[in-house]
Structures are given as structure tokens and as C-alpha cells.
Student: 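If you scroll down you'll find the structure; I have some questions about it.
Note on naming: letters A, B, ... go to the chains in the order of the sequence lines (proteins, then strands), and numbering restarts at 1 for each one.
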There are 2 protein chains.
Amino acid sequence: MIAEFENYLRRQTTLSDDDINRVIAGATLKKLRRNEFLLREGDICRHKIFIAKGLLRFFSVTADGGEHILQFSPEDNWMLDPESYDQQTPTQYYINAVEPSEVLLWAKPEFDGLLVSVPQLKLFAEQLISRSGYNNRQRLLTALSATPEQKYEDFVRTSPELLSRLPLRMIASYLGISLKTLNRVRHDQLLRS
Amino acid sequence: MIAEFENYLRRQTTLSDDDINRVIAGATLKKLRRNEFLLREGDICRHKIFIAKGLLRFFSVTADGGEHILQFSPEDNWMLDPESYDQQTPTQYYINAVEPSEVLLWAKPEFDGLLVSVPQLKLFAEQLISRSGYNNRQRLLTALSATPEQKYEDFVRTSPELLSRLPLRMIASYLGISLKTLNRVRHDQLLRS
DNA sequence: TCAAAACAAGGTCATTTGACACGATTTTTT
DNA sequence: AAAAAATCGTGTCAAATGACCTTGTTTTGA
């Protein structure tokens, strides 16, 4: 569980052994059962989350009870509500485990300390924020401009490894289309191949 | 034109007079005619843009020729393609002037220099990036979950000052709905009021 | 100031989409 | 191992949406 995170840092950064140990020392371990929640609407997002194993989802629940998934985070990714975390204000979102998962948590004060004492980590964090921004922009463009069929093809192309790990209703929710429409798209593609 | 920017910095930051002058010294002025372009697909986004007067739009053109607007930036706002700017790679987007506009430009090397020599500016820039991230996330959620009517109401609520400055076809493009649907929503709201 | 272009608003119609309901399976949990 | 829950794929139908076209008006730029 810690080993996964250590390998991740070695692959993605050039942090020294000491720095890596400093970062790890600040983390708390947590195992999540399927469907267990890490954040609910109204909570304050107090931790940065690294997913060592499993798969989390980040979603919103609208007034009519509909769930809308903004992000999936499988192992070797991070998850948080940036707005709620940065400003320590109540969130409008939910985070829960799609699969049984193992995560590392850093409380904000500890992580802020690490950002100062490990400057390399700050650079790395900024990279991650940038990438997340690019992704969101691309996702917004797709949501605005693509047909349901294009949205699904895009998902298959960019996240093939998630396809078999997610129930179709979650993929539909992520793409902003109904389950019915998603089934139609998949059915039509079978005919064409 | 520079006065607008100076006022903006005084309102939004606590930069010293010296720092403000340093930032201004790095800028180039440019006047834009209605519909003039600052960035086209394939270009590299070489400048940060501050809008002193007028209104710009940031959009993508899909294979079928459809325009999809991701962002409007009126006076006292910034505009750029972060991915193309950060990495100096070709963009997939367009930026042009909705109204005759006056902008300030900083080439990336100069602005990077300012971020180092004026640490306060760096903090301010990070704030802006965060806010832009929050906005994008909110926008993505709306695009995924809201009905055309809710999207329009949301736009009227969050950007009333833009309503009268934009042709309806651009608002429709920004909301990801057809002009026909937008007209229907507006017509129905007239009846109800 | 005047011609050209852009725009708002609406009509028609074919298509797409979602809501609801239904078994047949598969997966999860007890 | 059995019961409960979740999932997948499908059928039907009504409603929502977009493509295309037209008219009258406003705005723009020469």
C-alpha cells in the first residue's frame, strides 16, 4: 500500500529518498469497502487522497436525485475537491469507492508543510494541477460539442482500462447521457463491426 | 488602456508601485477590431492576454464547422490557452474579439521573468488559476446535468452583464444548445412572467 | 448615409433522446 | 449455498431537440 505510492513517486518524480520518506511519513492509510464514502455534500474536504489500489468516483447529486460523475480516479491517481480543500469550505460533491480500495490521506496542514519543506513536491503538484486543468477543458469541450456516439468513442479511446471496471450506468453518468442512449450506441457499434 | 490595468492591479492585489510598474513595463498594447483573431488553431499561444476594454471569446471549431465557445473574457479579465502557453505547443483553439477591444500582451519569457522577480504576482496568478479551475468544474457539471432551461437561467444569473453584449447564437454556442432551443427557452420564459 | 451583412424569431418536420417497464442474467452479501 | 441486489439489454412511447428555411429588423462598415 505504501510500496505502491513509493513506486509512483519514483516513477513520476526525482525526489530523493529522504524526501520520499518525509512525504510518506505524513500519510494515513485507509481501506475502503465498495461504496464507502470519503466525502459527502456539506462536508469539508480535509485531505488529499492518493489511490494506491482500487477506484474512486467524484460526483454530484442534483435536486432530482440524479448522480453526475465528474471524475474517476483509479490507482496511481489523486482525488480531492480542490475548492473545498483549498478554502476549507463545505463541498457540493461526493467521493466514494467504486471498488474496494486502499488510499493514503494527508490532512491539509501536514501537506501544506510538505509543500514548503519539499520544494520538488510543490513543482510536481503544480504539474498535476495543470494536467487536471487540461483534462477538464477537454472534457468540457467534448460535453458541449460531441454526439453521444463520439462521447463514448472518446471514453473508450482515452480510458480503455476503466471500461471493464465500471457498470454502464456510471459510464453513462460520466458522459452525460442516459443509460438507454449508451446502450443504443453500443448496440449500433456491434452491428458496424 | 494602461490605466485600466493599473487600477485592476490596485483593486485585486497589494503589489507595490514599483512592482506594478515592473509588470506594466513588460506589456505590449494592442487594439483589436471586431472579429479580429489573436489565436488560431495550429498557432502557439505565445502571450498572456489581459483585456482592458472590450470582450474576447475562446472557442473550438469542430470538423463539421461548428463553433463551440468555452469562455468569454470581458474587460478586467485574462485569456489564454494554458496548455499551449505552458508548453509552447500548437493549440486547437481560437481566440477573437467579439467587440472592438484593447488588450495588453506579455510574451511568455517576459512574464516568466516577472513571476520570479515579483513573487506577489506569482501568488496572484495561482489564485487566478484556482478560480478558473473552480469555474471550469462548475461549468462541466452544468453541461452534464442541466436542462437547456437551467443552463440559460444559470448564464443569466452568473453573467447578466454579458447578456446584452452577445448575439444569441454565441450564447447558444456557449451553453451547448442550438439557437432554436435557446429561442424556445426565452419565449417560454416570456409567457411565464 | 446607404448597401451589405448579421441577427432575432418563428414554422415545419424528421430524428434523437429519455422515462418507464420488463425479463434474464450476473454479482454481491448474508 | 441461498437470497437479495445490481446490472444488462430491450421494447414502447411521448417529449425534446436540431436542421433547414423564411421574414422582418438591426447593426455594421464602407
Student: When you check the phosphate oxygens OP1 and OP2 of C:dT17, does a side-chain N or O of A:Thr181 lie under 4.0 Å from one of them?
Tutor: no

Student: Given D:dG18, D:dC8, C:dA9, which nucleotide is nearest the side-chain atoms of B:Leu168?
Tutor: C:dA9

Student: So is A:Arg137 actually on top of A:Tyr134's ring, under 6.0 Å and inside 45° of the axis?
Tutor: no

Student: Whole angstroms only, please: what is the CG-P distance between A:Leu182 and C:dA19?
Tutor: 14 Å

Student: Between the side-chain atoms of B:Arg33 and the base atoms of D:dG29, is any donor-acceptor pair under 3.5 Å?
Tutor: no

Student: Output yes when at least one side-chain N/O atom of B:Ser178 is less than 4.0 Å from OP1 or OP2 of D:dT17, else no.
Tutor: no

Student: Side chain of A:Lys180: nearest nucleotide among D:dC20, C:dT29, C:dA19?
Tutor: C:dA19

Student: May I ask you to verify if any side-chain N or O of A:Arg169 is less than 4.0 angstrom from the OP1 or OP2 atom of D:dC8?
Tutor: no

Student: Between B:Trp106 (side chain only) and B:Val23 (backbone N and O only), is there a donor and an acceptor less than 3.5 Å apart?
Tutor: yes

Student: A:Arg33: what forms a salt bridge (Lys or Arg N to Asp or Glu O under 4.0 Å) with it, not counting sequence neighbours?
Tutor: none

Student: Return whichever of B:Arg34 or B:Arg186 has its heavy-atom-nearest nucleotide of DNA chain C closer to the 5' end.
Tutor: B:Arg34

Student: Give a yes/no answer on whether the side chain of B:Asn183 brings an N or O atom under 4.0 Å of OP1 or OP2 in C:dA9.
Tutor: yes

Student: Does anything in residues 140-152 of chain B come within less than 4.0 Å of DNA chain C? Heavy atoms only, and list the residues if so.
Tutor: none

Student: Over the length of the helix from C:dT1-D:dA30 to C:dT30-D:dA1, how much do the five-pair end axes diverge, rounded to 10 degrees?
Tutor: 70°

Student: So does B:Cys45 get a backbone contact from the side chain of B:Ser84, meaning a donor-acceptor N/O pair under 3.5 Å?
Tutor: yes

Student: Assess the pair B:Tyr94 and B:Phe58: is the distance between their ring centroids shorter than 6.0 Å?
Tutor: no

